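Have a look at the structure below before the remarks.
Lettering follows sequence order; numbering is per chain, from 1. Worth saying up front: this structure is predicted, and the values here are computed from it rather than measured.
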2 protein chains.
Amino acid sequence: MNTASKSLKKPSCPKKLIASRDALDAIQGKWRVPIIITLSFGDKRFGEIRKDIEDISPKMLSQELKELERNQLISRKIYDTMPVTVEYSLTTLGRSLEKLLEELTEWGVHFRKTVIGKKGERVG
Amino acid sequence: MNTASKSLKKPSCPKKLIASRDALDAIQGKWRVPIIITLSFGDKRFGEIRKDIEDISPKMLSQELKELERNQLISRKIYDTMPVTVEYSLTTLGRSLEKLLEELTEWGVHFRKTVIGKKGERVG
DNA sequence: TACTTTTACTTTCTAAAAGTAACTTGTTAC
DNA sequence: GTAACAAGTTACTTTTAGAAAGTAAAAGTA
């Protein structure tokens, strides 16, 4: 055993890892963050969210809305109109993500400037 | 057409949606954030990261490290020791995620307190 | 010489998740 | 009775993730 290479332990902070995993479990995937962002601009109906997030399928939207509701990030209200209207809105917990999402989008802009924009691929 | 329901457009801010998608493309999935967090505590070798993130398989770790390197979030250094040593470290771009990850873990703690901790399931 | 250990992966195979296209339900308009 | 609209659901296919085992190179051990 090489003493020099193993004498200093590098801590990994399991608490941080657990917290990040908890957060990721809630907002992970391709669609949840976009859904939360569109809802941050106002309550929306199923069809309106579909129009905002152009490439989401009704199956995925339905599935992700259910999961977000289960985790208490959004709430669902049914109006007895003809045809029926269903409106989704952010809960207090959902709105508590706004600062994080602000950071995320800011970093996304930075990332596009420094990495995505500088290679031939992925400019889309 | 119902004039009342459609007179006020709810903006969706496509710029924000694109930026969030760019960011998510880079850090999305179950493993990338944990990898970046462990590396924020110091440069680490393949085996060390495996020990920190207990349930990651070598295949997924290898795959995600490659993707993180491709997106310039981490860098990889090979040392000509016996047996070979490979060390991974965060780049400047990778370190620029720290504020975002701080927000993420803080929110994760809040989420566990208010949601995960209050139901029988998912206490793990 | 042959076997074992270590580090850093890769390969193969199976299971889970995501995506696609068409279908359902209830009601009103034509 | 046919079409349209809102909000989904169902069946099927493809993609991605995960588990188990294998590989490579070099040094150490018997």
At 4.0 Å (heavy atoms only), tell me whether [X] reaches a base, stays on the sugar-phosphate, or touches nothing.
X	value
B/Tyr79	nothing
A/Lys59	base
A/Arg50	nothing
A/Thr81	nothing

[X] vs [N]: side-chain N/O to OP1/OP2 distance below 4.0 Å:
X	N	answer
B/Tyr88	C/dT7	no
A/Ser62	D/dT9	yes
B/Lys66	C/dC9	no
A/Trp31	C/dG19	yes

Atom [atom1] of [X] to atom [atom2] of [N]: distance rounded to whole Å?
X	N	atom1	atom2	result
B/Gln63	C/dA8	CD	C1'	16 Å
A/Met60	C/dA16	CE	P	17 Å
A/Leu65	D/dA7	CG	P	11 Å
B/Gln28	D/dT16	CD	P	11 Å
A/Met82	D/dA6	CE	P	14 Å
A/Phe46	C/dT25	CZ	P	17 Å
B/Lys44	C/dA8	NZ	P	14 Å
A/Glu64	D/dG8	CD	C1'	15 Å

Which nucleotide in the list [options] gets nearest to the side chain of [X]?
X	options	result
B/Val86	D/dG18, C/dA8, C/dG26	C/dA8
A/Pro58	D/dT9, D/dA6, C/dT7	D/dT9
A/Arg76	D/dA7, D/dG18, D/dG8	D/dG8

Under 3.5 Å: donor-acceptor pair, side chain of A/Thr38, backbone of A/Ile49:
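No: the side chain of A/Thr38 does not pair with the backbone of A/Ile49.
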Where the side chain of A/Ser62 meets the backbone of A/Pro58, is there a donor-acceptor pair that is under 3.5 Å apart?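 Side chain of A/Ser62 to backbone of A/Pro58, a donor-acceptor pair under 3.5 Å: no, none is there.
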Where DNA chain D forms runs of at least three Watson-Crick or G-U pairs (i with j, i+1 with j-1, under 3.5 Å), the stems are C:1-30 with D:1-30
request  = Evaluate the criterion side chain to side chain donor-acceptor pair (under 3.5 Å) for residue pair A/Thr105 and B/Ser20; output intermediate values, then yes/no.
outcome  = CA-CA 5 Å; A/Thr105 54; B/Ser20 75; over 6 Å; no
**OP:** Would you mind checking if B/Arg70 and B/Glu67 are paired as a salt bridge, meaning a charged N to carboxylate O distance below 4.0 Å?
**Re:** yes
Check ion pair A/Arg32-A/Glu64 (N to O, under 4.0 angstrom):
yes
| So which one's nearest nucleotide on DNA chain D is more toward 5', B/Lys30 or A/Pro83? |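 Closest to the 5' end, via its nearest nucleotide, is A/Pro83.
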Here the pair of heavy atoms bringing A/Val84 nearest to A/Tyr79 is CG2-O, 3.4 Å
* Positive for side-chain hydrogen bond (donor to acceptor under 3.5 Å, both in side chains) with A/Tyr88, one of A/Lys77, A/Arg76, A/Lys44 ->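 Result for side-chain hydrogen bond (donor to acceptor under 3.5 Å, both in side chains) with A/Tyr88: A/Arg76.
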Rounded to the nearest 0.5 Å, the CZ atom of A/Arg95 sits from the CG atom of A/Leu90 at a distance of 6.5 Å
